[in-house]
Amino acid sequence: MVDINKLVDTKASTQSKEVFWDQEVYDREIKNIFGRSWLFLTHECMLEKKGDFITTKMAEDSVIVTRHTDGSLKAFVNSCTHRGNSICSADSGNTKSFVCNYHGWVFSTDGKLVDVPLREKCYHDELDRDSLSLKTIRVESYRGFVFGCFDETAPSLEDFLGDWGWYLDTWMVGAGEGAELVGPPMKSILKCNWKVPTENFVGDGYHVGWTHASALHVLGGELGGLAGNQAEMPFDELGIQVTTRHGHGFGVIDNAAIAIHAKRDEYAKYMEETIPKVAENLGEPRAKLFNGHWNCSTFPNCSFLYGTNIFKVWHPRGPHEIEVWSWVIVHKDMSDEGKREIVKQAVRSFGTAGTLESDDGDNMVQSTHVNRGNYTREGTMNSTMGQGYEGEHPDYPGIVGSSFIGETSYRGFYRFYQEMMSADSWDDIRANDEHWADCFPNKNYWKDRIAAKAAEAEGE
């Protein structure tokens with residue numbers, strides 16, 4: 001039996017290596033984390049017309065998301081209530097109904113059973129169709145990004161995002177027009193545990209200069225100086241890391257939004273024209289973030305790089321394999337040429353065969369499969385970088401770390417991971433709302449740092 005309380009030590013900032021391998025841990029994750037969290041499904045731009053649909057996954061469950069005839073969004077499990085066959089095998093399309101290939105049962109775009117062959121002759125008109133509708137899923141949209149949740153007791157999507165929504169608005173609202181995804185998604189299989197890429201995106205600025213050293217030498221640009229982790233630079237002045245109540249987090253490198261893009265003329269022009277509008281719309285702190293390069297994860301398994309503009313979901317397929325789905329983020333008010341530039345550069349770097357994607361993939365596979373060893377799994381992993389150099393910030397919500405290279409958001413991700421794995425219900429999780437950040441030992445870090453700088457300035 002796995003001891004859930006030993007998986008994560010929030011005081012020592014360590015995690016058991018069992019979290020990347022153990023089947024029992026994975027089974028608990030499916031129930032306690034994926035069964036309770038809001039999971040990304042699609043973007044509304046892919047469901048514009050009535051009857052539009054996409055098929056996706058929520059953990060290992062196949063799911064259909066539709067634009068119903070009344071214009072509302074609906075989501076339901078892709079499994080016929082007769083004999084369990086999938087009722088839709090297409091990735092996307094437009095339809096008036098879904099018909100099961102096995103026996104011809106017909107379901108409407110809200111999942112209701114509307115017709116059954118031989119209903120009168122062989123069922124003697126005694127079939128209770130209302131009770132045989134497809135299993136529905138809560139579905140909500142945030143700034144056009146659509147999420148689903150199996151748990152009726154979970155908070156609303158907006159509440160689940162919490163302070164993370166404040167950060168997301170930086171680019172999901174921006175100057176006012178918002179953002180959308182370019183699809184269909186690129187798909188690939190990666191033989192790693194779902195948490196390895198999620199934690200990498202949530203805050204691993206540390207690996208960039210080492211893992212991607214060769215690529216950075218070739219790419220050059222603003223991030224080229226990170227190659228080899230040898231650069232003399234004031235890391236505490238170049239960006240921050242953030243973690244929030246429900247484990248969502250990110251790191252941002254200031255003034256580096258377009259850094260990965262080799263061809264960038266239209267993107268640079270767009271940023272120059274748009275940043276002042278973002279400042280007017282959302283304020284200077286978020287305008288500064290708008291011009292940064294972000295590495296981010298929305299708990300539990302949705303990640304993106306803003307700036308590079310790749311958007312990913314890590315669908316688990318057991319503890320040792322995932323299916324990676326990747327879209328490209330574009331701002332709605334960009335020129336068509338600017339959007340094309342972004343798509344090309346995003347695919348080039350973090351598409352299925354992208355230069356940087358390939359670097360990461362090898363590490364993610366190795367980080368998973370080395371834990372096949374029983375003795376290896378008795379060990380722990382360390383995430384103490386920057387511990388104590390983080391706290392409540394005057395401008396930015398959540399717990400904010402002093403540098404874009406640190407592990408503040410790692411610690412925040414696994415803090416909430418442990419909370420969800422241990423809790424019996426959302427009521428248990430809500431009971432911790434006032435104390436969730438108590439595991440961060442120096443919450444006055446920013447207050448003290450600002451006061452010290454002010455005193456130093458006065459002394460000069």
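Counting from 1, the numbers follow the sequence of the chain as shown. No hydrogens, no waters, no symmetry mates; every other heavy atom, side chains included, goes into these values.
- Proximity of a side-chain donor or acceptor of Ser37 to a complementary backbone N or O of Pro300 within less than 3.5 Å is not detected.
- In this structure, His369 has its ring center no closer than 6.0 Å to that of Phe20.
- Aromatic pair His393/Trp166: centroids not less than 6.0 angstrom apart.
- Proximity of a side-chain donor or acceptor of Arg415 to a complementary backbone N or O of Ser13 within less than 3.5 Å is not detected.
- Note: Phe160 and His248 have perpendicular aromatic rings, judged against thresholds of 30 and 60 degrees for the angle between ring planes.
- A donor-acceptor distance shorter than 3.5 angstrom exists from the side chain of Ser425 to the backbone of Asp427, with no hydrogens or angles considered.
- With hydrogens and angles left out, the side-chain atoms of Glu390 and Asn442 include no donor and acceptor closer than 3.5 Å.
- Using a 4.0 Å cut-off between charged side-chain N and carboxylate O, Lys443 and Asp438 make a salt bridge.
- Ring centroids of His246 and Phe299 are separated by 6.0 Å or more, keeping the two rings apart.
- Centroid-to-centroid, the aromatic rings of His315 and Trp325 come within less than 6.0 Å.
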Let me see the working for Gln15 and Ser383 under side chain to side chain donor-acceptor pair (under 3.5 Å), right down to the final yes or no.
CA-CA 8 Å; Gln15 301 83 38; Ser383 59; 3.0 Å; yes

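- Panel note: side chain Arg67, backbone Leu47; a donor-acceptor pair is recorded below 3.5 Å.
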Show the numbers, then the answer: is there a side chain to side chain donor-acceptor pair (under 3.5 Å) between His261 and Asn309?
CA-CA 10 Å; His261 296 263; Asn309 283 7; 5.7 Å; no

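- Using a distance-only test at 3.5 Å, with no hydrogens or angles considered, no donor-acceptor pair links the side chain of Lys135 to the main chain of Thr81.
- A donor and an acceptor atom, one from each side chain of Thr298 and Trp164, are located under 3.5 Å apart.
- Side chains of Ser156 and Glu140: a donor-acceptor N/O pair is absent below 3.5 angstrom, by distance only.
- Atom-to-atom distance recorded for Asn291:CG and Glu272:CD is 10.5 Å, nearest 0.5 angstrom.
- The pair Arg430-Glu419 does not count as a salt bridge, with every side-chain nitrogen at least 4.0 angstrom from each carboxylate oxygen.
- In summary, the side chains of Thr109 and Thr66 do not present any donor paired with an acceptor at a separation below 3.5 Å, with no hydrogens or angles considered.
- Here Tyr270 and His331 bring their ring centres to under 6.0 angstrom of each other.
- Inspection of the Asp169 and Tyr142 side chains reveals an N or O donor paired with an N or O acceptor under 3.5 Å.
- Remark: side-chain polar atoms of Asn432 are not paired, donor with acceptor, to backbone N or O of His435 under 3.5 angstrom.
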Might you work through the ring-ring contact (aromatic ring centres under 6.0 Å, His included) test for Trp314 and Phe201, ending with a clear yes or no?
CA-CA 11 Å; Trp314 322 103; Phe201 274 64; 5.2 Å; yes

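- Contact check on Arg245 versus Asp163 returns no salt bridge, with no Lys/Arg side-chain nitrogen under 4.0 Å from an Asp/Glu carboxylate oxygen.
- The aromatic ring centres of Trp171 and Phe304 sit less than 6.0 Å apart.
- Of the charged side-chain nitrogens involved, at least one lies within less than 4.0 Å of a carboxylate oxygen, so that Lys187 and Asp91 count as a salt-bridged pair.
- Trp446 contributes a side-chain N or O that, together with a main-chain N or O of Val400, makes up a donor-acceptor pair within less than 3.5 Å.
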Are Asp236 and Arg449 close enough, and set up right, to give a side chain to side chain contact (heavy atoms under 4.5 Å, CB included), and what steps lead you there?
CA-CA 11 Å; Asp236 280 3; Arg449 175 175 164 174; 4.1 Å; yes

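- Side-chain contact of Tyr414 with Glu199: a donor-acceptor pair under 3.5 Å is present, judged by distance alone.
- Ring geometry, Tyr417 versus Phe413: the interplanar angle falls under 30°, so the pair is classed parallel (tilted spans 30 to 60°).
- Glu357 and Lys312 are joined by a salt bridge, as a carboxylate oxygen and a charged side-chain nitrogen come within less than 4.0 angstrom of each other.
- Note: Phe147 and Phe40 meet the aromatic proximity criterion, with ring centroids under 6.0 Å apart.
- Residues Asn255 and His293 have side chains that never bring a donor and an acceptor to within less than 3.5 angstrom of each other.
- Taking the six-membered ring for Trp and thresholds of 30 and 60 degrees, Trp294 and Tyr167 have ring planes more than 60 degrees apart, a perpendicular arrangement.
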Can Val252 and Phe404 be said to form a side chain to side chain contact (heavy atoms under 4.5 Å, CB included), step by step?
CA-CA 6 Å; Val252 58; Phe404 72 92; 5.9 Å; no

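- Annotation: cation-pi geometry not satisfied between Arg317 and Trp194 (NZ/CZ under 6.0 angstrom from ring centroid, within 45° of ring axis).
- Formation of a donor-acceptor pair under 3.5 Å by the Glu177 side chain with backbone atoms of Asp333 is not found in this model.
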In sequence, state the C-alpha distance, the side-chain angles, and the governing distance for Leu168 and Arg143, and then conclude on side chain to side chain contact (heavy atoms under 4.5 Å, CB included).
CA-CA 9 Å; Leu168 292 176; Arg143 313 301 188 202; over 6 Å; no

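- Classification of Lys288 and Glu284 as a salt-bridged pair fails, no side-chain N sitting under 4.0 Å from a carboxylate O.
- When ring centroids are compared, Phe150 and Phe34 stay outside the 6.0 Å threshold.
- Looking at Lys277 and Glu280, no side-chain N of the basic residue comes within less than 4.0 Å of a carboxylate O on the acidic one, giving no salt bridge.
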